[in-house]
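One structure is given here, and the rest of the page talks about it.
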Amino acid sequence: MLWEKPQPVDVPEEDAFLVPVQVKELPGRGMGVIATNDIQRGELVLREKPLFVVPNRVSMSPGAVLLSSLATLSPRQRESYYNLSYVNFPAGIPPGTDAYNEELALAIFQTNAVSAGSQGVGIFPRMARLNHGCSRAFNVVYTWRDDEGVLVVHALKPIKQGEELLTTYTDTKRPRHVRRQFLREHYGFECQCSVCSLPDDLSARSDERLTGMADLYTQFSSWQHEHVSGKEAIAAAIAIWRLGEEEGYWSERGQLAADVAHIAAAHSDVSAVREWAALAKQWYAYELGADSAQAQEMGRIVGQPQLHAAWGTRRRESVGGPEPWMSAA
C-alpha cells in the first residue's frame, strides 16, 4: 500500500508540550520548536509515549516490520509519522511499489528513531520536532524511562522567550569538521548552530575544549581498570567539569558526578560520597527530572553512603569532594 504525503494535522503539535511553545516552519531548517515564554532549567518540556517500538532484533525485513507497525496505528498517528522529515531515500525506486513503501517507511524511521531502552528503538513525533545543536548550543535533553515506557525531555538550561529548543543528535565532544561530517551523513544537513558558526579561531578553541573533555573522560574511565588512583580519577572529573564550564557544555553532569560518587564509595570516603551524590542528585534533577530513579537513588546515597553498591570494593583512600564553585553552578 502506498502512503500518500498527508495534509497537516488539525490538532496543534504544541498542545503535546508541557511548556508554552510554538511548533513552526523555520527558514532553511524545516520544523522547529520555539519558546513562547521563559522556561526554567530543569523544567519538564515533554512527556511522550512512542507511536511504536521496533525490537532490536527482527525476523523480517526492517521495512516490512515498519509497515506492519504502521498498519496498527490510527489515521492521525500514521499522519504524524509520515509528516516527519527523512534523508537518504534510495533513488530510482518506482512510486507505488512495495519496495518504495518499505524504503519510505525505513528512511523516516532511520532519520527520527531514538532508543527506547530495553524495548528497542521508538518513534516520538513530538520530540522529533526538536532540532540539533552542538556543545553549548543545545538546551534540552531527552531520556527514556524504561519503567514508565515514556520519553521525557527536560530543559538543561534556562530558555528565553523566542529561543529555539534544541537537543543533540550525537556526542558533540568532537571537532567541528567531525561533527558536521557525521550530521551530513546521517541527517543530511550542514550544522549551522551557534557553535558551528563560530569564527575559525573561536571554533578552534571550542574544539580544543571539547576534545580535551573527551580525552579526560578516557582517563577518568581508566579507573575501572585500576590504571589511575581514586584521587587521579576525581582530578580528571573536576577538569572535565571545568572545561565544560568554560565551553558552556552542561550535559552529562549528573552521570559524571554519580560516577565519581561510585569511585568515592569504592574507596570508602564517606564525606566525598555524600558531596558527589548530592551534586549528582542536583544535576540529575535538571537533566532527568527530580522524580527520576537516578535522582532518587542519589538522594538515598546522600543519607547513607555505605549503602552504595560499590562501598569498600577498593583500598581505602581519601579522594576528595567537588570544588565549591561546582555546586554553585
Side-chain angles (χ1 to χ4, degrees), residues 21-35 38-39 41 45-46 84-89 107-108 110-115 124 126-143 153-218 239-253 255-256 283 286-287 329:
V21 299
Q22 183 181 12
V23 179
K24 66 178 186 178
E25 188 82 25
L26 303 176
R29 305 190 60 198
M31 302 297 288
V33 183
I34 306 296
D38 291 349
I39 299 171
R41 178 171 61 175
V45 171
L46 178 67
L84 297 175
S85 61
Y86 58 89
V87 296
N88 299 328
F89 185 81
I108 294 172
Q110 290 177 332
T111 305
N112 295 281
V114 299
S115 173
F124 305 85
R126 302 311 185 224
M127 177 269 173
R129 292 306 188 196
L130 296 170
N131 287 321
H132 167 85
C134 295
S135 182
R136 65 174 174 271
F138 69 90
N139 51 24
V140 300
V141 289
Y142 63 87
T143 188
V153 180
H154 287 85
L156 178 63
K157 299 180 175 183
I159 302 169
K160 295 293 186 184
Q161 180 180 354
E163 288 184 11
E164 184 178 4
L165 278 63
L166 298 172
T167 189
T168 186
Y169 296 172
T170 181
D171 178 3
T172 64
K173 297 189 292 295
R174 297 181 285 180
R176 176 170 65 180
H177 72 279
V178 177
R179 301 193 305 265
R180 280 180 160 174
Q181 180 180 351
F182 175 88
L183 293 165
R184 278 195 302 270
E185 291 175 354
H186 291 82
Y187 297 97
F189 68 89
E190 181 84 359
C191 188
Q192 299 293 339
C193 74
S194 60
V195 177
C196 285
S197 299
L198 288 170
D200 288 346
D201 59 334
L202 296 180
S203 178
R205 293 178 198 169
S206 173
D207 287 352
E208 287 177 7
R209 290 189 290 267
L210 292 168
T211 55
M213 290 176 71
D215 291 343
L216 284 163
Y217 264 110
T218 299
I240 291 168
W241 207 287
R242 181 176 290 108
L243 280 178
E245 193 67 19
E246 294 172 6
E247 174 66 16
Y249 188 103
W250 293 2
S251 186
E252 301 142 25
R253 284 182 167 181
Q255 184 63 61
L256 177 59
W283 279 92
Y286 296 146
E287 299 175 87

Do [X] and [Y] come close enough that some side-chain heavy atom pair is under 4.5 Å?
X	Y	value
Leu156	Glu287	yes
Thr168	Ser251	no
Ile159	Val140	yes
Ile34	Lys24	yes

Query raised in the report: Taking only residues two or more places apart in sequence, or in another chain, which ones meet Glu252 in a side-chain contact (heavy atoms from CB on, under 4.5 Å)?
Result: Lys173, Tyr217, Tyr249
Query raised in the report: Would you say the side-chain atoms of Gln110 and Asn88 include a donor-acceptor pair closer than 3.5 Å?
Result: no
To the nearest 0.5 Å, tell me how far [X] [atom1] sits from [Y] [atom2].
X	Y	atom1	atom2	answer
Leu130	Met127	CG	CE	6.0 Å
Gln161	Asp38	CD	CG	6.5 Å
Arg176	Gln181	CZ	CD	14.0 Å
Met31	Leu84	CE	CG	10.5 Å
Leu166	Ser194	CG	OG	8.0 Å
Asn139	Ile39	CG	CD1	8.0 Å

Requested in this report: Show your working on side chain to side chain contact (heavy atoms under 4.5 Å, CB included) between Asn131 and Leu26 and close with a plain yes or no.
Outcome: CA-CA 10 Å; Asn131 287 321; Leu26 303 176; 4.0 Å; yes
Kindly give the heavy-atom pair with the smallest separation between [X] and [Y], and that separation in Å.
X	Y	result
Trp250	Pro158	CZ3-CD, 4.4 Å
Trp241	Arg253	NE1-CZ, 3.4 Å
Tyr286	His154	O-CB, 3.2 Å
Cys191	Cys134	SG-SG, 3.9 Å
Val153	Tyr142	CG2-CB, 3.8 Å
Thr172	Leu210	O-CD1, 3.5 Å

Where the side chain of [X] meets the backbone of [Y], is there a donor-acceptor pair that is under 3.5 Å apart?
X	Y	result
Thr111	Ala107	yes
Ser203	Pro199	no
Ser197	Gln192	yes
Arg179	Ser135	no
Asn112	Tyr86	no

Requested in this report: Over 60° means perpendicular and under 30° means parallel, so classify the ring planes of Tyr169 and His132, tilted if in between.
Outcome: tilted
Query raised in the report: Mind checking whether Tyr187 and Phe189 have parallel, tilted or perpendicular rings, split at 30° and 60°?
Result: tilted
**Report entry** Option from Arg205, Arg242, Arg209 for which salt bridge (Lys or Arg N to Asp or Glu O under 4.0 Å) with Glu247 holds
**Finding:** Arg209
